[in-house]
> 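Would you mind keeping the following structure in view while I ask a few things?
Just so it is clear: chains get the letters A, B, ... in the order the sequence lines come, proteins before strands, and each one is counted from 1.
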Amino acid sequence: MSSQWISVIGTSFFCYAFKFLGHSLPASWFNHPRAQRINTYIPIVLLMGLVTVQSFTEKTKLVIDHRAAGIAVAFAALLAKAPFPVVIILAGVSSALVYRFG
Amino acid sequence: MSVKSDSLSVGITVGAFGSAFGAAAIASHYTVAQACALSLLTFSGASQFAVVGVLGAGGSAFSAISTASLLGIRNGLYGVRMAQILQINGIKRIFGAQLTIDESTGVALSQDNEADMKTGFWYTGLGVFIFWNLFTLLGALGANALGNPADWGLDTAIPAIFLGLVWNRLKDKKSWAIAISALAMALALTPFAPAGVPIMATVILAVILGWRE
(Lines give C-alpha, C1' and ligand atoms only; values in the text may rest on other atoms or scores of the structure.)
Protein backbone atom coordinates (compact mmCIF):
# COMPACT_ATOMS: atom_id res chain seq x y z
CA MET A 1 0.00 0.00 0.00
CA SER A 2 1.29 3.50 -0.84
CA SER A 3 2.19 5.89 1.98
CA GLN A 4 -0.59 8.16 0.66
CA TRP A 5 -3.25 5.51 1.32
CA ILE A 6 -1.73 4.68 4.71
CA SER A 7 -1.92 8.38 5.64
CA VAL A 8 -5.55 8.61 4.43
CA ILE A 9 -6.64 5.61 6.49
CA GLY A 10 -4.57 6.48 9.59
CA THR A 11 -5.69 10.11 9.69
CA SER A 12 -9.34 9.21 9.10
CA PHE A 13 -9.23 6.56 11.83
CA PHE A 14 -7.76 8.81 14.53
CA CYS A 15 -9.78 11.91 13.59
CA TYR A 16 -13.03 9.94 13.75
CA ALA A 17 -11.98 8.17 16.96
CA PHE A 18 -11.46 11.54 18.69
CA LYS A 19 -14.85 12.81 17.47
CA PHE A 20 -16.67 9.66 18.58
CA LEU A 21 -14.92 9.46 21.96
CA GLY A 22 -15.86 13.08 22.60
CA HIS A 23 -19.51 12.22 22.05
CA SER A 24 -19.28 9.09 24.21
CA LEU A 25 -17.12 9.89 27.26
CA PRO A 26 -18.41 11.70 30.37
CA ALA A 27 -18.03 15.49 30.11
CA SER A 28 -16.60 15.69 33.63
CA TRP A 29 -13.37 14.08 32.38
CA PHE A 30 -12.53 17.14 30.34
CA ASN A 31 -13.26 20.01 32.69
CA HIS A 32 -9.76 20.47 34.05
CA PRO A 33 -8.49 23.98 33.15
CA ARG A 34 -5.07 22.56 32.27
CA ALA A 35 -6.59 20.22 29.67
CA GLN A 36 -8.68 23.09 28.31
CA ARG A 37 -5.63 25.37 27.96
CA ILE A 38 -3.52 22.73 26.26
CA ASN A 39 -6.41 21.99 23.91
CA THR A 40 -6.61 25.69 23.02
CA TYR A 41 -2.89 25.92 22.34
CA ILE A 42 -2.41 22.73 20.28
CA PRO A 43 -4.08 24.10 17.11
CA ILE A 44 -2.13 27.37 17.44
CA VAL A 45 1.29 25.70 17.56
CA LEU A 46 0.55 23.07 14.90
CA LEU A 47 -0.99 25.53 12.43
CA MET A 48 1.89 27.95 13.00
CA GLY A 49 4.36 25.08 12.56
CA LEU A 50 2.69 24.23 9.25
CA VAL A 51 2.78 27.87 8.09
CA THR A 52 6.47 28.07 8.93
CA VAL A 53 7.58 24.83 7.34
CA GLN A 54 5.53 25.32 4.17
CA SER A 55 6.58 28.95 3.69
CA PHE A 56 10.25 29.06 4.69
CA THR A 57 11.71 25.57 4.30
CA GLU A 58 12.52 23.05 1.58
CA LYS A 59 13.19 19.51 2.89
CA THR A 60 15.76 20.28 5.66
CA LYS A 61 16.89 23.71 4.40
CA LEU A 62 15.68 27.17 5.32
CA VAL A 63 14.84 29.10 2.13
CA ILE A 64 13.35 32.46 1.19
CA ASP A 65 11.53 32.18 -2.16
CA HIS A 66 8.23 33.02 -3.88
CA ARG A 67 6.33 31.35 -1.01
CA ALA A 68 7.79 33.79 1.56
CA ALA A 69 6.63 36.67 -0.64
CA GLY A 70 3.12 35.21 -0.86
CA ILE A 71 2.82 34.54 2.86
CA ALA A 72 4.02 38.09 3.64
CA VAL A 73 1.18 39.37 1.43
CA ALA A 74 -1.27 37.08 3.27
CA PHE A 75 -0.04 38.43 6.61
CA ALA A 76 -0.51 42.02 5.45
CA ALA A 77 -3.98 41.20 4.11
CA LEU A 78 -5.00 39.61 7.43
CA LEU A 79 -3.71 42.67 9.32
CA ALA A 80 -5.86 44.79 7.00
CA LYS A 81 -8.83 42.55 7.95
CA ALA A 82 -9.36 41.29 4.39
CA PRO A 83 -11.92 38.45 4.08
CA PHE A 84 -10.51 34.90 4.12
CA PRO A 85 -10.96 34.13 0.38
CA VAL A 86 -9.28 37.44 -0.56
CA VAL A 87 -6.31 36.60 1.67
CA ILE A 88 -5.81 33.22 0.02
CA ILE A 89 -6.16 34.55 -3.52
CA LEU A 90 -3.77 37.47 -2.90
CA ALA A 91 -1.20 35.08 -1.43
CA GLY A 92 -1.50 32.70 -4.38
CA VAL A 93 -1.37 35.40 -7.04
CA SER A 94 1.62 37.23 -5.55
CA SER A 95 3.47 33.95 -5.07
CA ALA A 96 2.79 32.90 -8.66
CA LEU A 97 3.98 36.27 -10.00
CA VAL A 98 7.26 36.08 -8.06
CA TYR A 99 7.69 32.45 -9.13
CA ARG A 100 7.26 33.25 -12.81
CA PHE A 101 8.93 36.64 -13.06
CA GLY A 102 10.98 36.94 -9.85
CA MET B 1 -31.61 35.48 9.39
CA SER B 2 -32.94 32.15 10.52
CA VAL B 3 -30.65 29.49 11.85
CA LYS B 4 -31.32 27.35 8.75
CA SER B 5 -30.23 29.99 6.24
CA ASP B 6 -27.23 30.91 8.43
CA SER B 7 -26.24 27.27 8.48
CA LEU B 8 -26.66 26.86 4.76
CA SER B 9 -24.56 29.92 3.91
CA VAL B 10 -21.79 28.65 6.19
CA GLY B 11 -22.08 25.27 4.50
CA ILE B 12 -21.68 26.67 1.00
CA THR B 13 -18.90 29.16 1.85
CA VAL B 14 -16.80 26.71 3.85
CA GLY B 15 -17.63 23.87 1.49
CA ALA B 16 -16.26 25.85 -1.45
CA PHE B 17 -12.84 25.69 0.22
CA GLY B 18 -13.00 21.98 -0.45
CA SER B 19 -11.82 22.90 -3.95
CA ALA B 20 -8.62 24.33 -2.42
CA PHE B 21 -8.18 21.08 -0.52
CA GLY B 22 -8.73 18.97 -3.62
CA ALA B 23 -6.12 21.03 -5.47
CA ALA B 24 -3.69 20.88 -2.51
CA ALA B 25 -4.00 17.10 -2.35
CA ILE B 26 -3.19 16.74 -6.05
CA ALA B 27 -0.24 19.17 -5.66
CA SER B 28 1.04 16.89 -2.87
CA HIS B 29 0.91 13.82 -5.16
CA TYR B 30 -2.33 12.36 -3.85
CA THR B 31 -4.82 10.89 -6.34
CA VAL B 32 -8.37 12.18 -6.88
CA ALA B 33 -9.72 9.10 -5.07
CA GLN B 34 -7.43 9.70 -2.08
CA ALA B 35 -8.45 13.37 -1.90
CA CYS B 36 -12.13 12.39 -1.92
CA ALA B 37 -11.57 9.63 0.66
CA LEU B 38 -9.97 12.17 3.03
CA SER B 39 -12.89 14.57 2.69
CA LEU B 40 -15.45 11.82 3.28
CA LEU B 41 -13.69 9.95 6.08
CA THR B 42 -11.51 12.51 7.86
CA PHE B 43 -13.82 15.49 7.22
CA SER B 44 -11.83 18.11 9.12
CA GLY B 45 -10.17 20.76 6.96
CA ALA B 46 -7.07 21.56 9.03
CA SER B 47 -6.24 17.87 9.52
CA GLN B 48 -6.72 17.17 5.81
CA PHE B 49 -4.48 20.04 4.68
CA ALA B 50 -1.93 18.96 7.31
CA VAL B 51 -1.70 15.31 6.25
CA VAL B 52 -1.21 16.06 2.56
CA GLY B 53 1.09 18.99 3.39
CA VAL B 54 3.44 16.96 5.59
CA LEU B 55 3.59 13.93 3.31
CA GLY B 56 3.86 16.14 0.21
CA ALA B 57 6.85 17.97 1.75
CA GLY B 58 8.69 14.68 2.19
CA GLY B 59 7.57 13.78 5.71
CA SER B 60 6.87 10.18 6.70
CA ALA B 61 3.35 8.71 6.87
CA PHE B 62 3.85 8.56 10.64
CA SER B 63 4.53 12.29 11.05
CA ALA B 64 1.74 13.14 8.58
CA ILE B 65 -0.79 11.03 10.51
CA SER B 66 0.43 12.31 13.90
CA THR B 67 0.22 15.99 12.94
CA ALA B 68 -3.21 15.62 11.35
CA SER B 69 -4.56 13.54 14.24
CA LEU B 70 -3.29 15.95 16.90
CA LEU B 71 -5.13 18.71 15.03
CA GLY B 72 -8.24 16.50 15.25
CA ILE B 73 -8.22 16.36 19.07
CA ARG B 74 -10.17 19.61 19.29
CA ASN B 75 -13.11 18.01 17.46
CA GLY B 76 -13.27 15.51 20.32
CA LEU B 77 -13.63 18.37 22.77
CA TYR B 78 -16.36 19.86 20.59
CA GLY B 79 -18.01 16.43 20.75
CA VAL B 80 -18.03 16.53 24.55
CA ARG B 81 -19.90 19.86 24.42
CA MET B 82 -22.26 18.87 21.58
CA ALA B 83 -23.19 15.51 23.17
CA GLN B 84 -24.77 17.39 26.08
CA ILE B 85 -26.92 19.41 23.68
CA LEU B 86 -27.76 16.82 21.02
CA GLN B 87 -28.50 13.80 23.28
CA ILE B 88 -28.07 11.29 20.45
CA ASN B 89 -27.42 7.55 20.41
CA GLY B 90 -26.85 4.68 18.00
CA ILE B 91 -26.67 5.49 14.31
CA LYS B 92 -27.38 9.19 14.89
CA ARG B 93 -24.37 9.42 17.18
CA ILE B 94 -22.18 7.64 14.61
CA PHE B 95 -23.06 10.25 11.96
CA GLY B 96 -23.31 13.17 14.37
CA ALA B 97 -19.75 12.50 15.56
CA GLN B 98 -18.43 12.75 11.99
CA LEU B 99 -20.18 16.12 11.53
CA THR B 100 -18.58 17.54 14.70
CA ILE B 101 -16.18 20.19 13.34
CA ASP B 102 -15.32 23.86 13.93
CA GLU B 103 -18.22 25.22 11.90
CA SER B 104 -21.09 22.97 13.07
CA THR B 105 -20.06 23.47 16.70
CA GLY B 106 -19.51 27.20 16.20
CA VAL B 107 -22.93 27.81 14.64
CA ALA B 108 -24.66 25.61 17.25
CA LEU B 109 -23.03 27.32 20.23
CA SER B 110 -23.85 30.80 18.92
CA GLN B 111 -27.61 30.09 19.12
CA ASP B 112 -29.57 31.12 22.20
CA ASN B 113 -31.93 28.17 22.65
CA GLU B 114 -31.53 24.41 22.54
CA ALA B 115 -33.81 23.78 19.52
CA ASP B 116 -31.85 26.25 17.37
CA MET B 117 -28.58 24.76 18.62
CA LYS B 118 -29.64 21.33 17.35
CA THR B 119 -30.87 22.73 14.04
CA GLY B 120 -27.69 24.78 13.63
CA PHE B 121 -25.49 21.76 14.27
CA TRP B 122 -27.23 19.42 11.82
CA TYR B 123 -27.82 21.93 9.02
CA THR B 124 -24.29 23.36 9.20
CA GLY B 125 -22.66 19.95 9.60
CA LEU B 126 -24.59 18.39 6.71
CA GLY B 127 -24.25 21.53 4.55
CA VAL B 128 -20.48 21.67 4.96
CA PHE B 129 -20.24 17.89 4.48
CA ILE B 130 -22.13 17.91 1.16
CA PHE B 131 -20.40 20.96 -0.34
CA TRP B 132 -16.94 20.14 1.06
CA ASN B 133 -17.02 16.72 -0.59
CA LEU B 134 -18.47 18.02 -3.85
CA PHE B 135 -15.88 20.80 -4.14
CA THR B 136 -13.04 18.46 -3.14
CA LEU B 137 -13.83 16.37 -6.21
CA LEU B 138 -14.07 19.44 -8.46
CA GLY B 139 -10.84 20.94 -7.07
CA ALA B 140 -8.94 17.67 -7.46
CA LEU B 141 -10.13 17.20 -11.04
CA GLY B 142 -9.35 20.86 -11.83
CA ALA B 143 -5.85 20.71 -10.35
CA ASN B 144 -5.09 17.55 -12.31
CA ALA B 145 -5.64 19.67 -15.42
CA LEU B 146 -3.57 22.66 -14.19
CA GLY B 147 -0.06 21.20 -14.04
CA ASN B 148 2.72 22.71 -11.89
CA PRO B 149 1.15 24.03 -8.62
CA ALA B 150 3.80 26.77 -8.19
CA ASP B 151 2.74 28.34 -11.51
CA TRP B 152 -0.64 29.06 -9.94
CA GLY B 153 0.54 29.98 -6.45
CA LEU B 154 -1.03 26.84 -5.01
CA ASP B 155 2.10 26.01 -3.01
CA THR B 156 1.63 29.30 -1.13
CA ALA B 157 -2.17 29.27 -0.95
CA ILE B 158 -1.92 26.27 1.40
CA PRO B 159 0.25 27.89 4.11
CA ALA B 160 -1.88 31.04 3.64
CA ILE B 161 -4.93 28.92 4.56
CA PHE B 162 -3.12 27.71 7.69
CA LEU B 163 -2.21 31.32 8.54
CA GLY B 164 -5.86 32.34 8.11
CA LEU B 165 -6.98 29.44 10.34
CA VAL B 166 -4.53 30.33 13.12
CA TRP B 167 -5.36 34.05 12.82
CA ASN B 168 -8.80 33.59 14.43
CA ARG B 169 -7.14 31.96 17.42
CA LEU B 170 -4.68 34.80 18.09
CA LYS B 171 -6.80 36.76 20.51
CA ASP B 172 -4.34 38.03 23.13
CA LYS B 173 -0.64 38.54 23.88
CA LYS B 174 -0.23 35.01 25.19
CA SER B 175 -1.59 33.37 22.04
CA TRP B 176 0.67 35.56 19.87
CA ALA B 177 3.66 34.63 22.02
CA ILE B 178 2.78 30.95 21.62
CA ALA B 179 2.43 31.30 17.84
CA ILE B 180 5.78 33.09 17.51
CA SER B 181 7.49 30.48 19.71
CA ALA B 182 6.09 27.75 17.46
CA LEU B 183 7.44 29.56 14.39
CA ALA B 184 10.90 29.90 15.97
CA MET B 185 10.92 26.26 17.07
CA ALA B 186 9.90 24.95 13.64
CA LEU B 187 12.63 27.04 11.97
CA ALA B 188 15.27 25.99 14.50
CA LEU B 189 14.50 22.26 14.17
CA THR B 190 14.23 22.15 10.37
CA PRO B 191 17.97 21.71 9.61
CA PHE B 192 18.31 18.88 12.15
CA ALA B 193 15.05 16.91 12.13
CA PRO B 194 13.41 14.78 9.41
CA ALA B 195 10.62 16.52 7.44
CA GLY B 196 7.37 16.71 9.42
CA VAL B 197 9.00 16.34 12.83
CA PRO B 198 9.51 20.11 13.44
CA ILE B 199 5.73 20.59 13.09
CA MET B 200 4.80 17.78 15.49
CA ALA B 201 7.44 18.89 17.98
CA THR B 202 5.67 22.22 18.51
CA VAL B 203 3.03 20.32 20.52
CA ILE B 204 5.61 20.22 23.34
CA LEU B 205 5.26 24.02 23.50
CA ALA B 206 1.48 23.75 23.85
CA VAL B 207 1.86 21.28 26.73
CA ILE B 208 4.59 23.24 28.56
CA LEU B 209 2.87 26.61 28.16
CA GLY B 210 -0.58 25.23 28.98
CA TRP B 211 0.60 23.27 32.04
CA ARG B 212 0.51 26.29 34.33
CA GLU B 213 -1.34 29.51 33.89
> Quick one: does any side-chain atom of A:K19 pair with a main-chain N or O of B:Q98 as donor and acceptor, under 3.5 Å?
yes

> Quick one: do the B:N148 and A:Y99 side chains pair a donor with an acceptor below 3.5 Å?
yes

> Rounded to the nearest 0.5 Å, what separates atom CZ in A:F75 from atom CH2 in B:W167?
4.5 Å

> If you tally heavy-atom pairs under 4.5 Å against chain A, which of B:S66, B:G76, B:A97 wins?
B:A97

> Evaluate B:V203 against A:I38 for side-chain contact (heavy atoms from CB on, under 4.5 Å), listing each step before the verdict.
CA-CA 9 Å; B:V203 170; A:I38 293 173; over 6 Å; no

> What residue, out of B:L40, B:I208, B:I158, B:T100, has the most heavy-atom pairs lying under 4.5 Å from chain A?
B:T100

> Does any backbone or side-chain atom of B:L77 lie under 4.5 Å from a heavy atom of chain A? Answer side chain, backbone, both or neither.
side chain

> Based on non-hydrogen pairs under 4.5 Å, which of B:A201, B:A150, B:A186 is most in contact with chain A?
B:A150

> For B:I161, is it the side chain, the backbone, both or neither that has a heavy atom under 4.5 Å from a heavy atom of chain A?
both

> Is it the backbone or the side chain of B:D102 that comes under 4.5 Å from a heavy atom of chain A, or both, or neither?
neither

> Quick one about A:H66 and B:T156 (side-chain donor to acceptor, distance below 3.5 Å, no hydrogens or angles considered), yes or no?
no

> Heavy-atom cut-off 4.5 Å, strictly under: side chain, backbone, both or neither for A:K59 against chain B?
both

> Calculate, to the nearest 0.5 Å, the distance between atoms OH and CG belonging to A:Y16 and B:L41 respectively.
11.0 Å

> Minimum heavy-atom separation for A:S12 and B:T42, please, with both atom names.
OG-OG1, 2.7 Å

> Which residue out of B:I178, B:L165, B:L205, B:D151 racks up the most heavy-atom pairs below 4.5 Å with chain A?
B:D151

> Measure distances from B:F43 to the heavy atoms of chain A and classify the residue's part below 4.5 Å as side chain, backbone, both or neither.
both

> Of all the heavy-atom pairs spanning B:G72 and A:F18, show the shortest one and how long it is.
O-CB, 3.8 Å

> Between A:V93 and chain B, with a heavy-atom cut-off of 4.5 Å, which part of the residue counts as in contact: side chain, backbone, both or neither?
neither

> Do you know which two heavy atoms are closest between B:G96 and A:H23, and how far apart they sit?
O-NE2, 3.9 Å

> Counting only non-hydrogen atoms closer than 4.5 Å, does A:F13 touch chain B with its backbone (N, CA, C, O), its side chain (CB onward), both, or neither?
neither

> A:L21: what forms a side-chain contact (heavy atoms from CB on, under 4.5 Å) with it, not counting sequence neighbours?
A:L25

> Pick one of side chain, backbone, both or neither for B:M200, based on which atoms fall under 4.5 Å of a heavy atom in chain A.
backbone

> Please find the pair of heavy atoms, one from A:A96 and one from B:G153, that lie closest to each other, and give the distance.
CB-N, 3.5 Å

> Considering only heavy atoms, which portion of A:R100 lies under 4.5 Å from any heavy atom of chain B: side chain, backbone, both, or neither?
side chain

> Can you tell me which portion of B:L189 sits under 4.5 Å from chain A's heavy atoms? Options are side chain, backbone, both or neither.
neither

> Assess the residue pair B:L71 and A:L50 against the criterion (side-chain contact (heavy atoms from CB on, under 4.5 Å)); give the C-alpha distance rounded to whole Å, side-chain angles, the decisive distance to 0.1 Å, and a yes or no.
CA-CA 11 Å; B:L71 274 168; A:L50 284 158; 4.0 Å; yes

> Heavy-atom pairs under 4.5 Å with chain A: which of B:S69, B:A83, B:A182, B:A160 has the most?
B:S69

> Look at B:D155, B:L99, B:L154, B:L209 and state which one has the largest set of heavy-atom pairs under 4.5 Å with chain A.
B:D155

> For a side chain to side chain contact (heavy atoms under 4.5 Å, CB included) with B:P159, tell me which candidate from A:L47, A:V53, A:T52, A:I71 qualifies.
A:I71

> Tell me, side chain or backbone of A:F20 under 4.5 Å from chain B's heavy atoms, or both, or neither?
both

> What closest approach, in Å, do A:I6 and B:A61 show between heavy atoms, and which atom pair accounts for it?
CG2-CB, 4.2 Å

> Restricting to non-hydrogen atoms, name the atom on A:A27 and the atom on B:Q84 that form the minimum distance, rounded to 0.1 Å.
CB-NE2, 3.3 Å

> Is atom CZ of B:R81 surrounded by more than 12 heavy atoms (other residues, nucleotides or ligands) closer than 6.0 Å?
no

> So, for A:Y41 and B:W211, is the gap between ring centers shorter than 6.0 Å?
no

> Pick one of side chain, backbone, both or neither for A:S24, based on which atoms fall under 4.5 Å of a heavy atom in chain B.
both

> Quick one: what part of B:I204 sits under 4.5 Å from any heavy atom of chain A, side chain, backbone, both or neither?
neither

> How about residues 81-90 of chain A versus chain B: which residues have heavy atoms under 4.5 Å apart?
A:F84, A:P85, A:I88

> Let me see the working for A:C15 and B:N75 under side-chain contact (heavy atoms from CB on, under 4.5 Å), right down to the final yes or no.
CA-CA 8 Å; A:C15 284; B:N75 292 326; 5.7 Å; no

> Taking side chain as everything from C-beta outward and backbone as N, CA, C, O, which of these in B:L86 sits under 4.5 Å from a heavy atom of chain A? Side chain, backbone, both or neither.
side chain

